[in-house]
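Below is one structure, written out as structure tokens, with a few remarks after it.
Scope of the values below: all heavy atoms of this structure, side chains included, with no hydrogens, waters or symmetry mates. When a residue number appears, it is its place in the shown sequence, counting from 1.
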Amino acid sequence: MKLFHIPLIFFLVFSSVFFNKTFAQEETSIMIRAKAKDAKFIGSSMGGAKIIVRNALTGEILDQGITEGSTGNTQKIFSTDKQRYEPISTENSAGFLAKLKLDKPVLVNIEANAPMNQTGSAITTTTQLWVIPGKDILGDGIILEIPGFVVDILSPLVHSKISGNLKIKARIVMMCGCPITKGGRWDANQYEVLALIKSQGKLIQKINMEVKEKPSVFYGETTLESGNYEMILYAFDPKTGNSGVDKSNFAVE
């Protein structure tokens, strides 16, 4: 009898461990969103945000994808009388629903790189949290804040040749693509936008850039002697710390 019971007990213990490890996994859903600092969600209009969820201990990728959807409801996001636990997202707000198969609590790293369609301005933000099997995180979910501006120099283009009269043109938007206008929600008057002109490594001019008739398009103008130049154009918001930069090299004939 003893010889019979020992293998049986061993079999039961082995089976319990094996089947628990193989079949006790639970799919756990996490809604992950990327939101521009002082602005809205980063969604399809900007190519979305690349989301990667990793096991913090091993580095294994548990899920990855792109946020899709709209930038969200402006009133909900910026409401001053929002109640505790009241969501700022809507059904169509951009997000990525990660699905993790877990058999135990796992500490994860969540990474967001955005905006995907503006790689020169893209920023990566990460956070960590414990994920419990079967405990979904939905609604607003996990929101990663992406600071900065998208800055694109439209003129002069890299390697271009111009006359002595330099006309500078740049498009600057929030990281979600939201427009910048004079007196608007994202007020051009609040931001410092400068073009720094350098020659042979030395700063020779600072040119203030201003929005005119078109939203998000900044203009500046100066005169330069013939030579090769580098231009660094930046936007900075002293209230939020948002900043963005683009560069160009050009020649004056």
Side-chain angles (χ1 to χ4, degrees), residues 16-73 76-78 82-150 174-178 240-244:
S16 175
V17 172
F18 177 80
F19 284 107
N20 280 340
K21 286 201 168 188
T22 306
F23 297 104
Q25 286 188 339
E26 292 189 65
E27 185 173 86
T28 306
S29 298
I30 307 176
M31 174 56 70
I32 303 170
R33 306 182 193 274
K35 179 181 171 296
K37 185 174 183 179
D38 190 41
K40 302 171 70 175
F41 294 109
I42 300 173
S44 302
S45 62
M46 295 294 281
K50 173 69 174 180
I51 305 296
I52 302 177
V53 184
R54 303 178 190 269
N55 183 311
L57 181 62
T58 67
E60 175 192 1
I61 294 178
L62 303 176
D63 203 357
Q64 60 182 318
I66 307 292
T67 62
E68 296 180 344
S70 74
T71 57
N73 183 296
K76 285 181 73 70
I77 293 172
F78 291 97
K82 188 176 80 71
Q83 300 298 309
R84 187 181 183 185
Y85 306 127
E86 182 181 347
I88 63 172
S89 63
T90 62
E91 182 180 353
N92 296 322
S93 295
F96 167 68
L97 187 63
K99 295 183 180 294
L100 314 182
K101 293 182 178 179
L102 307 174
D103 59 6
K104 60 184 177 182
V106 176
L107 180 65
V108 302
N109 293 336
I110 300 179
E111 173 185 306
N113 178 265
M116 288 292 289
N117 278 357
Q118 295 288 335
T119 54
S121 298
I123 295 291
T124 298
T125 299
T126 62
T127 190
Q128 286 189 324
L129 73 151
W130 282 96
V131 180
I132 312 300
K135 304 301 180 183
D136 297 336
I137 304 174
L138 302 175
D140 280 352
I142 305 300
I143 299 177
L144 286 86
E145 185 175 74
I146 307 293
F149 295 102
V150 174
M174 307 304 291
M175 297 294 263
C176 55
C178 297
T240 66
N242 274 332
S243 58

Looking at every heavy atom in both [X] and [Y], which two are closest together, and how far apart are they?
X	Y	result
Met174	Val150	O-CG2, 4.1 Å
Ala114	Ile42	CB-CD1, 3.8 Å
Ile110	Leu144	O-CD2, 3.5 Å

Problem set entry | Stepwise side-chain contact (heavy atoms from CB on, under 4.5 Å) test for Ile66 and Ile51 | CA-CA 6 Å; Ile66 307 292; Ile51 305 296; over 6 Å; no
Report the distance from atom [atom1] of [X] to atom [atom2] of [Y], rounding to the nearest 0.5 Å.
X	Y	atom1	atom2	result
Leu138	Ser29	CG	OG	6.0 Å
Glu111	Ile32	CD	CD1	11.0 Å
Phe78	Asp38	CZ	CG	5.5 Å

Exercise. Passes side chain to side chain donor-acceptor pair (under 3.5 Å), Gln128 versus Asn109? Steps please.
Worked result: CA-CA 5 Å; Gln128 286 189 324; Asn109 293 336; 2.6 Å; yes
For this session: Would you check, one step at a time, whether the test side-chain contact (heavy atoms from CB on, under 4.5 Å) holds for Thr71 with Ser45?
Result: CA-CA 8 Å; Thr71 57; Ser45 62; 4.1 Å; yes
For this session: May I have all residue pairs that pass side-chain hydrogen bond (donor to acceptor under 3.5 Å, both in side chains) and include part of residues 114-125, sequence neighbours excluded?
Result: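 Non-adjacent pairs meeting side-chain hydrogen bond (donor to acceptor under 3.5 Å, both in side chains): Asn113-Thr124.
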Problem set entry | side-chain hydrogen bond (donor to acceptor under 3.5 Å, both in side chains): pairs with one or both residues in residues 50-67, sequence neighbours excluded |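 Pairs touching residues 50-67 that pass the test: Lys50-Gln64.
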Problem set entry | Lys135 atom NZ: more than 12 heavy-atom contacts under 6.0 Å |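 At most 12 heavy atoms, drawn from other residues, nucleotides or ligands, come within 6.0 Å of this atom.
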For this session: Begin with the C-alpha distance, continue with both residues' side-chain angles, and end with the deciding distance and a verdict on side chain to side chain donor-acceptor pair (under 3.5 Å) for Ser70 and Asn92.
Result: CA-CA 6 Å; Ser70 74; Asn92 296 322; 5.9 Å; no
For this session: Indicate whether the side chain of Asp140 and that of Ser89 have a donor and an acceptor atom separated by less than 3.5 Å.
Result: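 Their side chains do contain a donor-acceptor pair, which is all the 3.5 Å distance test asks for.
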For this session: Output, in order, the C-alpha distance, side-chain angles, deciding distance and verdict of side-chain contact (heavy atoms from CB on, under 4.5 Å) for Arg33 and Lys35.
Result: CA-CA 6 Å; Arg33 306 182 193 274; Lys35 179 181 171 296; over 6 Å; no
Exercise. Between Leu129 and Leu107, is a side-chain contact (heavy atoms from CB on, under 4.5 Å) present by the stated rule, with each step listed?
Worked result: CA-CA 6 Å; Leu129 73 151; Leu107 180 65; 5.7 Å; no
Exercise. Partners of Phe149 by ring-ring contact (aromatic ring centres under 6.0 Å, His included), sequence neighbours excluded?
Worked result: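 Checked Phe149 against ring-ring contact (aromatic ring centres under 6.0 Å, His included); matches are Tyr191.
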